[in-house]
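Only one structure is covered here, and it is reproduced in the block below.
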Amino acid sequence: MLAYHCEACDKYWSYPVPKCIFCKGDTRPVSETHYKVIGYTRINVPSQGNEKVPYIDYLLEDRNGNKIIMKSFSEFPLGATVDLAEGRGKTLAVGVVGTGTLGSGIAEHLLRSGCQVTLKTRSAASAEAATARLGKRLVKDRTEQQARELLKHISVTTDYGDLRDCDLVVEAVSEDMDLKKEVFRTLSEVCDPRTVFATNTSSLSIDEIAAATDRPDRFIGFHFFNPVAKMDL
């Protein structure tokens, strides 16, 4: 939350105040991130835009007495401190299932974008081949040393369990409905409940694929165009 502070009077406002109403001095914006839980209401009845229940509306207060309301599916006791900045700036962990043209291209694009990437393939041989292809593409616009440093942020695996803690998992296997459903049923068994699932399909029903998972409300279409690293789409 952005608050406005007059250093001369040590007063705070939770809305824009260009001049202090007490001393007429300049105020400055300050970003508050730590809040104390001073009240909450558990919501059990769904409403438009808030269909997933139960969730909790928290009444939070910062050190200056400013109050805000926060919706969350996490539980915090009264008096607990909540850090609204927690997780900001952390490296996004993304899993990619499939090492074909699009799968390896997506992995490369994510790697270049600063993500920590886990690439799931079917065999140890294809894992080695995928790593080699990535290395060759990366050295086209950087030194070998720079490419090696970048490759430290990707791991190639044959085990779905290694995708357990990803923030996002992108599926890029063949355009086959049964195969995609099988992939996501397996992912549903191993991934953290907070993980978002995405399919790269260009023609199959996203809703139908999502229905095969344990989290259709955290399932998206995430379609890339080939060649991924060169297409701004």
Side-chain angles (χ1 to χ4, degrees), residues 1-3 14-15 31-97 106 110 115-116 118 120 160-173 177-224:
M1 175 184 171
L2 196 64
S14 58
Y15 50 88
S31 181
E32 293 291 340
T33 60
H34 289 79
Y35 287 82
K36 183 196 295 186
V37 177
I38 61 173
Y40 65 87
T41 300
R42 183 181 296 274
I43 310 298
N44 293 294
V45 179
S47 60
Q48 186 174 359
N50 296 281
E51 286 79 11
K52 185 179 178 182
V53 293
Y55 64 88
I56 303 171
D57 273 339
Y58 288 98
L59 179 61
L60 307 179
E61 183 179 56
D62 70 10
R63 58 179 177 167
N64 307 304
N66 296 310
K67 298 177 178 63
I68 62 171
I69 293 175
M70 178 187 75
K71 172 186 172 181
S72 177
F73 293 103
S74 300
E75 296 202 21
F76 303 101
L78 286 174
T81 298
V82 179
D83 182 3
L84 299 187
E86 187 175 359
R88 291 182 191 169
K90 87 178 192 60
T91 300
L92 192 68
V94 185
V96 179
V97 180
I106 292 169
L110 292 168
C115 298
Q116 183 69 37
T118 303
K120 163 67 175 67
Y160 275 103
D162 290 333
L163 304 174
R164 181 179 298 106
D165 297 322
C166 287
D167 300 300
L168 169 71
V169 176
V170 182
E171 165 273 313
V173 300
M177 179 64 78
D178 291 336
L179 175 59
K180 290 181 184 292
K181 286 181 177 180
E182 180 185 349
V183 167
F184 281 112
R185 278 193 286 265
T186 303
L187 289 171
S188 295
E189 293 174 359
V190 301
C191 287
D192 188 282
R194 67 181 173 79
T195 302
V196 174
F197 290 163
T199 176
N200 186 63
T201 185
S202 58
S203 60
L204 301 178
S205 168
I206 294 172
D207 287 341
E208 184 177 345
I209 302 172
T213 75
D214 65 340
R215 64 198 74 189
D217 58 328
R218 298 178 67 80
F219 192 100
I220 60 174
F222 201 41
H223 180 55
F224 290 85

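Hydrogens, waters and symmetry mates play no part in the numbers below; they use all other heavy atoms, side chains included. Note that the structure is a prediction, hence the values are computed from the model and not measured.
For I38, the CD1 atom sits in a packed shell: over 12 heavy atoms of surrounding residues, nucleotides or ligands are nearer than 6.0 Å. Remark: E182 CD is loosely packed, at most 12 non-hydrogen atoms of other residues, nucleotides or ligands lying under 6.0 Å away. When the shell of 6.0 Å around CZ of F222 is examined, it contains 12 or fewer heavy atoms from other residues, nucleotides or ligands.
When all heavy atoms of A210 and P216 are compared, the closest pair comes out as O-CB, 3.8 Å. Residue D167 comes nearest to R194 through the heavy atom pair OD1-NH1, 2.6 Å, listed as atom of the first residue, atom of the second, then distance. The two residues K181 and A212 make their nearest non-hydrogen contact at CG-CB, 3.8 Å. G95 and C166 make their closest contact through N-SG, 3.5 Å (heavy atoms, listed as atom of the first residue, atom of the second, distance). Scanning both residues, Y55 and K71, for their nearest heavy atoms gives CD1-CG, 3.6 Å. Contact between Y160 and V190 at its shortest, heavy atoms only, is O-CG2, 3.7 Å.
Here Y40 contributes atom OH and L60 contributes atom CG; the two are 13.5 Å apart, rounded to the nearest 0.5 Å. Note: D62 CG to T81 OG1 = 11.5 Å, rounded to the nearest 0.5 Å.
Each of T213, V97, I220 was scored for a side-chain contact (heavy atoms from CB on, under 4.5 Å) with F197, with one residue passing: T213.
By the 4.5 Å heavy-atom criterion applied to side chains, F219 and T199 are counted as neighbours. Side chains of I43 and D57 form a contact here, defined as non-hydrogen atoms less than 4.5 Å apart. At least one side-chain heavy atom of M177 sits under 4.5 Å from a side-chain heavy atom of I209. Looking only at side-chain heavy atoms (C-beta outward), K120 and D162 stay at 4.5 Å or farther from each other. Side-chain contact between Y35 and M70 is absent, with no heavy-atom pair separated by less than 4.5 Å. Residues T195 and R215 meet the side-chain proximity criterion, which asks for heavy atoms closer than 4.5 Å. Within the 4.5 Å cutoff, the side chain of I56 has no heavy atoms near those of the F76 side chain.
Checked by atom type and distance alone, the side chain of R63 never pairs as donor or acceptor with a backbone atom of K36 at under 3.5 Å. With hydrogens and angles ignored, the 3.5 Å screen pairs a side-chain donor or acceptor of S188 with a backbone N or O of D214. Without hydrogens or angle criteria, H34 side chain to D83 main chain gives no donor-acceptor distance under 3.5 Å. Distance alone, capped at 3.5 Å, places no donor-acceptor pair between the N44 side chain and the P54 backbone.
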Working note: I206 + T201, criterion side chain to side chain contact (heavy atoms under 4.5 Å, CB included); need CA distance, chi angles, decisive distance, verdict.
CA-CA 8 Å; I206 294 172; T201 185; 4.1 Å; yes
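Between E75 and R42 there is a salt bridge, since a side-chain N of the basic residue sits under 4.0 Å from a carboxylate O of the acidic one.
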